[in-house]
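Below is one structure, written out as structure tokens, with a few remarks after it.
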Amino acid sequence: MDPSSQEPPLTAPYLSRTHIRRAVHGIIRRVVLQRLAQHGDDTRTTNNGSQRLTKAQRKRVIQQSHLLEDILYGHARSIEEYQNLSTLEQRVFNAGRAVYITSQ
């Protein structure tokens, strides 16, 4: 296999917006599943016991991840700050709070 044809690892010096967006999506999906489980709301359960979101919930998670990733990209002071995976979850929560407060 040609090493140049492989997708870059997450530890590469520079990550694409797609990598960051996927990471943001994973964070939001995990939080939504946790909140639904806490409230006992409707989720689908697969044969192996893991939870799945409904179609409407998946669509909303995708929309939220796009919105929050755009906010993170626009507010980052540098490419390094934008791509810092160690602070990504906290920055996603902060952006989410800002969107919620602004919508009130």
Side-chain angles (χ1 to χ4, degrees):
M1 181 185 294
D2 180 21
S4 63
S5 66
Q6 295 177 4
E7 189 173 317
L10 288 179
T11 58
Y14 295 104
L15 302 173
S16 69
R17 283 189 74 175
T18 303
H19 281 104
I20 300 297
R21 188 163 284 175
R22 286 180 186 156
V24 169
H25 180 268
I27 291 168
I28 294 172
R29 183 181 182 282
R30 180 176 40 84
V31 169
V32 167
L33 284 171
Q34 288 172 350
R35 289 184 181 168
L36 290 172
Q38 287 174 351
H39 297 311
D41 290 344
D42 180 38
T43 57
R44 298 178 184 170
T45 305
T46 61
N47 291 339
N48 63 4
S50 63
Q51 291 179 315
R52 287 184 35 183
L53 298 173
T54 63
K55 187 174 183 177
Q57 292 166 336
R58 284 193 308 269
K59 183 177 179 181
R60 184 166 179 176
V61 167
I62 290 170
Q63 290 171 341
Q64 289 174 343
S65 64
H66 283 268
L67 174 69
L68 293 178
E69 187 275 331
D70 285 340
I71 290 170
L72 294 177
Y73 184 78
H75 284 90
R77 294 184 197 110
S78 67
I79 193 74
E80 290 80 14
E81 178 185 340
Y82 168 71
Q83 295 179 341
N84 186 348
L85 295 178
S86 64
T87 62
L88 181 62
E89 188 165 346
Q90 186 59 46
R91 291 183 292 131
V92 167
F93 288 137
N94 291 342
R97 277 189 213 102
V99 168
Y100 176 76
I101 290 169
T102 303
S103 70
Q104 295 298 314

| request: Just jot down the side-chain hydrogen bond (donor to acceptor under 3.5 Å, both in side chains) partners of Gln63, sequence neighbours excluded, or say none. | output: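 None.
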
Rounded to the nearest 0.5 Å, how far does [atom2] of [Y] lie from [atom1] of [X]?
{"X": "Gln83", "Y": "Leu85", "atom1": "CD", "atom2": "CG", "value": "8.0 Å"}
{"X": "Asn84", "Y": "Ile20", "atom1": "CG", "atom2": "CD1", "value": "9.0 Å"}
{"X": "Glu89", "Y": "Ile27", "atom1": "CD", "atom2": "CD1", "value": "5.0 Å"}
{"X": "Arg30", "Y": "Arg35", "atom1": "CZ", "atom2": "CZ", "value": "10.5 Å"}
{"X": "Leu72", "Y": "Leu68", "atom1": "CG", "atom2": "CG", "value": "6.5 Å"}

| field | Arg22/Glu69 ion pair, N-O < 4.0 Å | value |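 No salt bridge links Arg22 with Glu69.
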
| Is there a path of hydrophobic side-chain contacts, each under 4.5 Å between heavy atoms of I, L, V, M, F, W or Y residues, that connects Ile62 with Val32? |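 In one cluster: no.
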
| request: Check whether more than 12 heavy atoms from other residues, nucleotides or ligands sit under 6.0 Å from atom CZ of Arg17, and answer yes or no. | output: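 Yes, enclosed.
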
| field | ring pair (Phe, Tyr, Trp, His ring centres under 6.0 Å) partners of residues 52-85, not counting sequence neighbours, each pair once | value |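 Ring pair (Phe, Tyr, Trp, His ring centres under 6.0 Å) check on residues 52-85 returns Tyr73-Tyr82.
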
| task | Please check if any side-chain donor atom of Arg91 sits under 3.5 Å from a side-chain acceptor atom of Asn94, or the reverse. | result |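 Checked: Arg91/Asn94 side chains show no N/O donor-acceptor pair below 3.5 Å.
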
| query | Going by atom types alone, do Thr54 and Gln57 pair a side-chain donor with an acceptor below 3.5 Å? | reply |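 Indeed, the side chains of Thr54 and Gln57 share at least one donor-acceptor pair under 3.5 Å.
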
| query | Hey, are the side chains of Val31 and Val92 touching, using non-hydrogen atoms and a 4.5 Å cut-off? | reply |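 No; the side chains remain at least 4.5 Å from each other.
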
| said: For a quick test of reading the model, state the closest non-hydrogen atom pair linking Gln64 to Ile28 and the distance between them. | reply: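 Shortest heavy-atom separation between Gln64 and Ile28 comes out as OE1-CG2, 3.6 Å.
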
| task | Mind checking side chain to side chain contact (heavy atoms under 4.5 Å, CB included) for Ser78 and listing every partner two or more places apart, or none if nothing turns up? | result |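 With sequence neighbours excluded, Ser78 shows a side chain to side chain contact (heavy atoms under 4.5 Å, CB included) to Glu80, Glu81, given in chain and number order.
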
